[in-house]
Amino acid sequence: MGSGSAAPGGKSEPGGKSEPGGKSGPAGRPGFAASTAEPEPGRVFLGFSYALGIVLGVGLGLYGVFLVPDGPRPGGTLLSVGLLLALVGNGAAALLVRWLTGTRLGPATVLIGWMPVVLLLAASRPEGDLLLQSSATAYAFLLLGGLSPIVVAVLGGARRGFTVLPPPR
């Protein structure tokens, strides 16, 4: 068979040492259980992480709406800072919250904070004020800003919580 001795639990180690119950530690050291699972974050930490996602979404929405018509114009074409902020900022904030929480809900909290702010500022008022005017840049801002957290949530793997996709084999 092999040079290791079998433990009562049925598991053996190459060095001949094993723990009762078949659990062996790293490098044959008994008493050290090899844990591969990450510790679960506490509820308070998760609550603050989700709240951070909402606050980041609100802030990115506010700054993004005001910065959509702003940016350099090389050759007369607008390169919108708000559009860049919606794409890169929302994606980075969603990645941060996904990393903190380990769930697919984390990136969605950025969208939960971003979308109402942007839609409220895009609505016309009785006085005629309109912050997000109808243009191709504004529509791209809405589309890319809304899709980037969704892409992070769908393509990024969840370390914990419920997931729709089966685990990889």
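Note that the coordinates shown come from a computational prediction; the quantities given were computed from them, not determined experimentally. We use all heavy atoms of the structure for the numbers below, so side chains are in, but hydrogens, waters and symmetry mates are not.
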query: How about Leu96 and Leu56: do any of their side-chain heavy atoms sit closer than 4.5 Å?
result: yes

message: Using every non-hydrogen atom in the two residues, find where Gly53 and Val97 come nearest and quote the distance to one decimal.
response: CA-CG2, 3.6 Å

- line: Tightest non-hydrogen contact, residues Ser148 and Gly91, listed as OG-N, 3.7 Å

Mind checking whether [X] and [Y] sit in one hydrophobic cluster, side chains of I, L, V, M, F, W, Y counted as touching below 4.5 Å?
X      : Y      : answer
Leu142 : Leu85  : yes
Tyr63  : Val58  : yes
Leu119 : Leu121 : yes
Val88  : Leu62  : no
Val68  : Met115 : yes

Atom pair [atom1]/[atom2] of [X] and [Y] - distance to nearest 0.5 Å:
X      : Y     : atom1 : atom2 : result
Thr103 : Leu46 : OG1   : CG    : 7.0 Å
Ile150 : Asn90 : CD1   : CG    : 10.5 Å
Leu111 : Leu60 : CG    : CG    : 11.5 Å
Leu144 : Ser80 : CG    : OG    : 10.5 Å
Leu100 : Phe45 : CG    : CZ    : 4.5 Å

message: Between Val44 and Phe48, does the side-chain contact (heavy atoms from CB on, under 4.5 Å) criterion hold? Intermediate values first, please.
response: CA-CA 6 Å; Val44 174; Phe48 280 123; 3.4 Å; yes

task: Measure from the side-chain N and O atoms of Arg98 to the backbone N and O of Arg104, and report whether any donor-acceptor pair falls under 3.5 Å.
output: no

Pairs touching residues 132-151 that satisfy ring pair (Phe, Tyr, Trp, His ring centres under 6.0 Å), sequence neighbours left out: Trp114-Phe141

query: So, Thr137 versus Ser135: side-chain donor-acceptor pair below 3.5 Å or not?
result: no

query: What's the verdict on side-chain contact (heavy atoms from CB on, under 4.5 Å) for Leu87 and Leu83, showing C-alpha distance, side-chain angles and the deciding distance?
result: CA-CA 6 Å; Leu87 182 62; Leu83 184 61; 5.9 Å; no

